[in-house]
Undergrad: 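The structure follows.
Order of the sequence lines fixes the chain letters, A, B, ..., with proteins taken first and strands second; residue numbering starts at 1 for each chain. Hydrogens, waters and symmetry mates play no part in the numbers below; they use all other heavy atoms, side chains included.
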2 protein chains.
Amino acid sequence: MSAPRPEFARKSGSAGQRPRSRIQKRNRQIILDAALEVFSTHGFRGATLDQIALEAGLSKPNLLYYFDNKDTIHRDLLTQLLDTWLDPLRMLDPRGDPQTEIMAYMRRKLEMSRAYPRESRLFANEILQGAPRIEPFIRAELRPLVDAKAQLLTDWARAGRIAPIDPYHLIFSIWALTQHYADFAAQIGMIRGDGHDPLDGAEPFLEALYTRLLAP
Amino acid sequence: MSAPRPEFARKSGSAGQRPRSRIQKRNRQIILDAALEVFSTHGFRGATLDQIALEAGLSKPNLLYYFDNKDTIHRDLLTQLLDTWLDPLRMLDPRGDPQTEIMAYMRRKLEMSRAYPRESRLFANEILQGAPRIEPFIRAELRPLVDAKAQLLTDWARAGRIAPIDPYHLIFSIWALTQHYADFAAQIGMIRGDGHDPLDGAEPFLEALYTRLLAP
DNA sequence: ATCAAGTTTGACCATCCAGTCAAGAAGCTT
DNA sequence: AAGCTTCTTGACTGGATGGTCAAACTTGAT
């Protein structure tokens, strides 16, 4: 007879249910990993279930046994990503030394570009397309967080502890500079030579840049 | 009977043939403009000819009367874009004042993000996907240009006319910071409020940033 | 006005692709 | 080993999409 979906996968309104069996856990992870690979380079519409299935080493119907549809896979990936995407900014500590804190934030973001370039590209793809799927998240979570941290930066600037620069542009600059190494890795690789690590030398450069920018 | 393609459109190995009639010129431009809109937000695979035709106010077969296929439209757009994409960097003048020259380069790039955000996103999409269509261009044109200008920056640094910073990362930083305002405009708009111009305040910020970074 | 060339389109086709289904294979439990 | 559940897949469907074609319409030169 036709196999019913396992309970946990029936309706995954929000991600985070844990698979029951070991096979479930393993295959869901394999699929998400393959999907991340494909979605991050081709975008949502450009990716096909066949590609993902091939990448995962599973059959397409098998994919759809674990996930209701293409959209669900994509949403689960984004949800998983967004969960941790804001942590570096959240960690910006009002009690710390301003320059140290901002520098540490930049380093955490750079480390994320190094460790999770595919996630960065998945995010970039989503934003390029107008952020249709994560607009609510950006408005409800990211925006207030950025507003709060911008206020903190303003306070620091007012107190003369960092240079008086626009806090929003400061944050955007950190995003732009760090994510660039993941999002444009293909271009950087072609320019610097293919054996070259795109991030080589990035950290000292960014340290110099922000040291000079932030000095009061 | 079946209409043969007009001469100029027969085989457009490289873009740049000029249309014969006024209608040709007008409609090709309308189509390219519509295609830019659609490709830049949905990527190559994500865009459909129907979408482009709708955006252009033409029928799909009519689109294909002016362009051989979807790929040709995309290639023509990229070719047209790349033609002017490197001009700002090419203009970096060895005889000028280093800081003024670099600052002017940054301003030219920022101006391109303001004037041609769709082109920037088209380019970003292409790179995100691994630059499959413009890899030859990057290797044959962009790379040598960047190498040459990096050498120039190194010379300036050696002469103590700018701070001793990695020239490649300096160039990448200008790309990242300026293009970010076009590529991530959707995100910036949601954070700063939708009536807000994403580029508002960007120029003074970047001026401060590069002034401080470049000072010897 | 006439005619040929250039332009436009409705109808159509082949392929691709997300998603279904029923049957079979593999695991688990006793 | 039996019997139940979970997992896997070949074959299929319906709709979207890139592209074709022949007929009709428009334009411009004479």
Undergrad: Starting at atom NZ of B:Lys25, determine the distance to atom C1' of D:dT27, rounded to an integer number of angstrom.
TA: 19 Å
Undergrad: Tell me whether A:Lys109 contacts the main-chain N or O of A:Ala104 through its side chain, where contact means a donor paired with an acceptor under 3.5 Å.
TA: no
Undergrad: Examine D:dC7: is either OP1 or OP2 under 4.0 Å from a nitrogen or oxygen in the side chain of A:Gln24? Give yes or no.
TA: yes
Undergrad: Is it the case that more than 12 heavy atoms not belonging to A:Phe137 sit under 6.0 Å from its CZ atom?
TA: yes
Undergrad: I need the CG-C1' distance between A:Asp68 and C:dA18, as an integer number of Å.
TA: 13 Å
Undergrad: For the residue pair B:Ser120 and B:Tyr181, confirm or rule out a side-chain donor-acceptor distance under 3.5 Å.
TA: no
Undergrad: Kindly point out which of C:dT7, D:dT17, C:dA18 is positioned nearest to the side chain of A:Lys70?
TA: C:dA18
Undergrad: Could you list all the side chain to side chain donor-acceptor pair (under 3.5 Å) pairs where at least one residue sits in residues 193-202 of chain A, not counting sequence neighbours?
TA: A:Asp194-B:Arg139
Undergrad: Out of C:dC17, C:dG19, D:dG19, which nucleotide sits closest to the side chain of A:Leu64?
TA: C:dG19
Undergrad: Could you tell me whether A:Ala53 contacts a base, only the sugar-phosphate backbone, or nothing, with contacts defined as non-hydrogen atoms closer than 4.0 Å?
TA: nothing
Undergrad: Yes or no on salt bridge (Lys or Arg N to Asp or Glu O under 4.0 Å) for A:Arg114 and A:Glu111, after CA distance, side-chain angles and deciding distance?
TA: CA-CA 5 Å; A:Arg114 192 195 307 274; A:Glu111 184 50 32; 3.4 Å; yes
Undergrad: Whenever both distances are under 3.5 Å in a Watson-Crick or G-U wobble pair, mark it; put DNA chain D into dot-bracket that way, with [ ] for crossing pairs and | when the partner is on another strand.
TA: ||||||||||||||||||||||||||||||
Undergrad: To the nearest angstrom, how far is B:Arg45 atom CZ from C:dT15 atom P?
TA: 17 Å
Undergrad: Ring centres under 6.0 Å, that's the criterion: do A:Phe184 and B:Trp175 meet it?
TA: no
Undergrad: State which of C:dA18, C:dG19, D:dG18 makes the closest approach to the side chain of B:Thr48.
TA: D:dG18
Undergrad: Specify the separation, in whole Å, of atom CZ of A:Phe67 and atom P of C:dA18.
TA: 15 Å
Undergrad: Does B:Tyr66 put a side-chain nitrogen or oxygen below 4.0 Å from OP1 or OP2 of C:dT8?
TA: yes
Undergrad: I'd like to know if the side chain of B:Asp166 reaches the main chain of A:Phe205, judged simply by a donor and an acceptor atom lying under 3.5 Å from each other, with no hydrogens or angles considered.
TA: no
Undergrad: Using whole Å, what does the distance between atom P of nucleotide C:dC17 and atom CD1 of A:Ile73 come to?
TA: 15 Å
Undergrad: Establish, for the pair A:Arg133 and A:Phe44, whether the NZ or CZ atom is under 6.0 angstrom from the six-membered ring centre and no further than 45 degrees off its axis.
TA: yes
Undergrad: Restricting to non-hydrogen atoms, name the atom on A:Gly46 and the atom on B:Arg45 that form the minimum distance, rounded to 0.1 Å.
TA: O-NH1, 3.1 Å
Undergrad: Where do N or O atoms of nucleotides 9-12 of chain D meet protein N or O atoms at under 3.5 Å, pair by pair?
TA:
from  : atom 1 : to      : atom 2 : distance (Å)
D:dT9 : OP2    : A:Ser59 : OG     : 3.1

Undergrad: Ion pair present between A:Arg28 and A:Asp33, side-chain N to carboxylate O less than 4.0 angstrom?
TA: no
Undergrad: Round to the nearest Å and state the distance from A:Ile30 atom CD1 to D:dC7 atom P.
TA: 13 Å
Undergrad: Looking at the side chain of A:Asp50, which of C:dA18, D:dT20, C:dT20 is the nearest nucleotide?
TA: C:dA18
Undergrad: Could you tell me the separation between the CG atom of B:Asn69 and the C1' atom of C:dT15, rounded to a whole number of Å?
TA: 15 Å
Undergrad: Nearest whole Å is fine: how far is D:dT17 P from B:Leu54 CG?
TA: 12 Å
